[in-house]
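Everything numeric in this text was worked out from a predicted model, so none of it was measured. We're numbering straight along the sequence, starting at 1.
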Amino acid sequence: MAPIRVLTALDHARTQYYHFKAIIIAGMGLFTDSYDLFCIVPVMKIIGRVYYPSSSAGDGGPGVMPPAVVSAIVSIALLGAVVGNLLFGVLGDRVGRGRVYGACLLLLVCSSLASGFSICRTRGCVLSSLCLFRFLLGVGVGGDYPLSATIMSEFANKRTRGAFIAAVFSMQGFGILASSGVTMVVAAAFDRFTGHPAPLDTPEAADIAWRVILMAGAVPAGLTFYWRMAMPETARFTALVQHDVLKATNDIGRVLTDLDLNGLDEDEDAAAIPRTPASFRYAPPASQYGLFSLAFLRQHGRNLFGCASTWFLLDIPYYSSTLFQSQIYRPWFPPASHQNVFREAYDVARFQAIIAVASTIPGYFVAVLLIERVGRRWLQMAGFFLMAAFLFALAGPYDHYWRGNGKNAWYIVLYGLTFFSANLGPNTTTFILPAELFPARLRSTCHGISAAAGKVGALVGSIGFLWASQERNRGEVQAGYEPGIGMMYALVILGAISLLGLAVTYFFTPETMGRSLEENESSEQGDQDLQDGDGGMTMRLQELNLTPKSPASLVSSHVSSSPIHPHRFSV
């Protein structure tokens with residue numbers, strides 16, 4: 001299809017104030033996403049003490065949430081995210097990105113508040129309602145992935161598109177830091193308010209503390225609700241899916257004021273295509289294919305497999321490493337039986353903050369800096385390789401050295417470098433690539449499918465690692481678990497999965513740097529178009545319901561009717 005002037009102008013637009021505003025608006029959903037997914041770790045420590053008191057544990061220690069309940073709370077939000085990825089991904093293409101963007105954020109805000117207002121104070125009722133609202137929260141979180149990535153990719157110019165999408169995704173790092181900060185402040189305030197209770201004494205105020213932590217996640221998302229509702233529909237959706245170029249031009253002109261629509265020289269083919277003056281509408285191509293067609297499979301199936309499989313493979317070690325934190329910080333803090341509920345939650349949150357500041361956020365920053373220099377494909381492969389190297393470094397000497405030397409600084413350094421490598425590479429690039437590779441009418445859907453595959457990998461990593469990493473000797477297994485394969489072998493498997501991600505990236509992931517979205521989506525058809533020559537050009541014009549007898553006659557008739565302005569479209 002010939003280029004449309006407003007889309008060409010977008011690809012060459014200067015970076016403007018609204019681009020940065022869009023990063024904040026789109027990124028706040030991902031900020032809330034990481035806040036809610038990471039604050040649940042210290043929250044479960046508090047809930048375990050409140051609703052599973054030490055007397056029920058039978059060992060005289062502090063209350064601990066059973067492993068089955070932990071698995072349920074972790075998995076229910078991820079299952080909701082899978083539903084949200086698919087549901088809002090499809091709605092973003094069918095209804096419009098802007099029309100469902102506000103609804104997605106509203107679901108995030110309401111479910112965050114509802115998680116804190118879990119209906120009652122009995123164990124079964126609280127946990128059931130918490131799981132229900134966590135599922136709805138997961139739907140909102142999942143929906144934000146395809147919408148935010150697609151909107152940012154369609155607003156950005158082709159020179160800085162990757163950096164802008166990476167900047168949106170980097171808001172996750174600040175969400176982790178915010179969840180840790182809020183948890184530390186709330187835990188410290190309640191600890192002081194209740195008079196620093198004894199280690200095994202859990203005051204009733206603890207049942208309020210975890211609710212406050214969960215509800216605080218709704219605040220930053222709620223603050224951006226107005227601006228998200230005020231965002232115009234993206235020009236690419238309006239022009240390429242709704243087929244209204246004039247509306248697309250007017251909408252984007254309201255927010256990107258320095259958009260030069262007249263200073264661009266479109267190619268000769270584009271200049272030869274007439275447009276109707278009334279609405280600047282054109283008919284959709286008669287041969288548009290659907291998601292479940294052989295045409296889509298031939299042209300984009302390879303890319304969809306590459307995006308979905310690499311995201312799946314990434315999230316297995318990434319979410320497993322998150323749960324591995326308890327093995328890292330345990331030697332550095334007093335045992336749970338020697339500190340009260342608030343101090344335990346405070347220490348868990350403090351360690352999360354240290355990891356976020358030292359490795360997670362720097363990894364995102366480096367990704368933003370390198371994504372338009374190195375490229376998505378090489379950055380993703382480098383990240384997978386480094387993840388594998390650091391996981392193997394943790395796994396190899398684990399049984400013989402690391403397990404007995406948990407306070408060795410290199411132990412934490414290697415652990416932090418796994419997060420740095422993931423965020424530098426595949427954790428960022430798997431979010432970017434699906435927003436660049438597919439046609440506008442299927443872009444949000446394909447991103448949702450890829451993200452859903454990633455959340456399935458997160459389920460495998462979270463639940464599988466939680467149980468598989470238990471020691472083979474029953475005497476060393478944590479209470480409530482069954483013997484597993486041991487931490488060393490679990491880490492080896494995670495390293496091998498990272499290497500598999502590298503291989504899949506090498507064979508199935510194309511490079512998208514420096515190219516327009518329309519060039520990326522048609523890259524697999526390029527060779528065929530070159531073989532078609534003028535016939536291919538005629539076929540594309542016929543798809544637009546413009547059927548000249550030949551390209552030469554079309555050009556000559558256009559030039560003769562408009563001799564003074566050969567590059568003006570006939571109106």
Student: With a 4.5 Å heavy-atom cut-off, do Ile40 and Met44 have their side chains touching?
Tutor: yes

Student: Could you check, using the six-membered ring where one of them is a Trp, whether Phe155 and Tyr18 have ring centers closer than 6.0 angstrom?
Tutor: yes

Student: For Ala149 versus Ile165, what's the shortest heavy-atom pair and its separation?
Tutor: O-CD1, 4.3 Å

Student: Are side-chain N/O atoms of Ser148 and Tyr101 paired as donor and acceptor at under 3.5 Å?
Tutor: yes

Student: Using the six-membered ring wherever Trp is involved, compare the ring planes of Tyr145 and Trp311 and label them parallel, tilted or perpendicular (cut-offs 30° and 60°).
Tutor: tilted

Student: For Ser75 and Ala72, indicate whether the former's side chain and the latter's backbone hold a donor-acceptor pair under 3.5 Å.
Tutor: yes

Student: Taking all heavy atoms of Asn85 and all of Gly142, pick out the closest pair and write down the distance.
Tutor: ND2-O, 2.6 Å

Student: Give a yes or no on whether Phe385 atom CZ has more than 12 heavy-atom contacts from other residues, nucleotides or ligands under 6.0 Å away.
Tutor: no

Student: If you round to the nearest 0.5 Å, how far is CZ of Arg161 from CD of Glu372?
Tutor: 7.0 Å

Student: Between Arg376 and Thr512, does any side-chain donor sit less than 3.5 Å from a side-chain acceptor?
Tutor: yes

Student: Can you list the steps and then say if Phe438 with Cys307 is a side-chain contact (heavy atoms from CB on, under 4.5 Å)?
Tutor: CA-CA 11 Å; Phe438 302 102; Cys307 291; 4.2 Å; yes

Student: Does any part of the side chain of Ser421, heavy atoms only, come nearer than 4.5 Å to the side chain of Phe390, both counted from C-beta?
Tutor: yes

Student: Do Leu108 and Leu137 have side chains that get closer than 4.5 Å, going by heavy atoms?
Tutor: yes

Student: Measure the spacing between OG of Ser359 and CG of Asn423 and express it to the nearest 0.5 Å.
Tutor: 7.5 Å

Student: Any sub-3.5 Å donor-acceptor pair from Ser34's side-chain atoms to Gln172's backbone N or O?
Tutor: yes

Student: Could you tell me the separation between the OG1 atom of Thr238 and the NE2 atom of His243, rounded to the nearest 0.5 Å?
Tutor: 11.0 Å

Student: Less than 4.5 Å apart, any side-chain heavy atom of Ser444 and any of Pro146?
Tutor: yes

Student: Got Val139 and Phe88 here, is their nearest side-chain heavy-atom distance under 4.5 Å?
Tutor: yes

Student: On a heavy-atom basis, which atom in Gly29 and which in Asp144 lie closest, and how many Å separate them?
Tutor: CA-OD2, 3.3 Å

Student: Mind checking whether Leu256 and Leu10 have side chains closer than 4.5 Å, heavy atoms only?
Tutor: yes

Student: The test is side-chain contact (heavy atoms from CB on, under 4.5 Å); show your working for Leu500 and Phe384 and say whether it passes.
Tutor: CA-CA 9 Å; Leu500 181 58; Phe384 271 127; over 6 Å; no

Student: Mind listing the closest non-hydrogen atom pair of Ile76 and Phe135 along with its distance?
Tutor: O-CD1, 3.6 Å

Student: Nearest 0.5 Å, what's the NE2-CD distance between His19 and Gln16?
Tutor: 6.0 Å

Student: Provide the closest heavy-atom pair for Leu291 versus Cys446 in the form atom of the first, atom of the second, distance.
Tutor: CD1-SG, 4.1 Å

Student: Backbone N or O of Phe237 within a donor-acceptor pair of the Thr234 side chain at under 3.5 Å?
Tutor: yes

Student: Taking the side chain as everything from C-beta on, heavy atoms only, tell me whether Gln380 gets closer than 4.5 Å to Thr430.
Tutor: yes

Student: When rounded to the nearest 0.5 angstrom, what is the spacing between OG in Ser450 and CG in Leu433?
Tutor: 9.0 Å

Student: Are the side chains of Ile361 and Ser170 in touch, meaning some heavy atoms are under 4.5 Å apart?
Tutor: no

Student: Any cation-pi pair here, Arg302 with Phe507, using under 6.0 Å and within 45°?
Tutor: no

Student: Please confirm whether the backbone N or O of Ser321 pairs with a side-chain atom of Tyr415, one donor and one acceptor, at under 3.5 Å?
Tutor: yes

Student: To the nearest 0.5 Å, what is the distance between CD1 (Ile493) and OG (Ser498)?
Tutor: 12.0 Å

Student: Which atom names give the shortest non-hydrogen contact between Leu105 and Ala221, and what distance separates them?
Tutor: CD2-O, 3.3 Å

Student: Any side-chain to backbone donor/acceptor pair from His12 onto Lys158? Under 3.5 Å, distance only.
Tutor: no

Student: Answer yes or no: is there a donor N or O on one side and an acceptor on the other, between the side chain of Glu511 and the main chain of Met513, under 3.5 Å?
Tutor: yes

Student: Quick check: does any side chain N or O of Glu233 sit under 3.5 Å from a backbone N or O of Gly98, one acting as donor and the other as acceptor?
Tutor: yes

Student: For Gly501, does its backbone N or O pair with a side-chain atom of Thr310 as donor and acceptor, under 3.5 Å?
Tutor: no

Student: With a 3.5 Å distance limit and no angle check, can you tell me whether Ser293 reaches the backbone of Phe296 through a side-chain donor-acceptor pair?
Tutor: yes

Student: So, the side chain of Arg97 versus the backbone of Gly92: is there a donor-acceptor pair under 3.5 Å, distance only?
Tutor: yes

Student: Salt bridge or not for Arg236 and Glu518, using N-O below 4.0 Å?
Tutor: yes

Student: Which class fits the ring pair His447 and Phe431: parallel under 30°, tilted 30 to 60°, perpendicular over 60°?
Tutor: perpendicular

Student: Apply side-chain contact (heavy atoms from CB on, under 4.5 Å) to Ile151 and Ile25, showing your working.
Tutor: CA-CA 11 Å; Ile151 286 173; Ile25 296 172; over 6 Å; no

Student: Check step by step if side-chain contact (heavy atoms from CB on, under 4.5 Å) holds for Met28 and Phe31.
Tutor: CA-CA 5 Å; Met28 202 49 65; Phe31 179 100; 3.8 Å; yes

Student: Not counting sequence neighbours, which residues clear side chain to side chain contact (heavy atoms under 4.5 Å, CB included) with Leu370? List them please.
Tutor: Val366, Val374, Leu379, Leu424

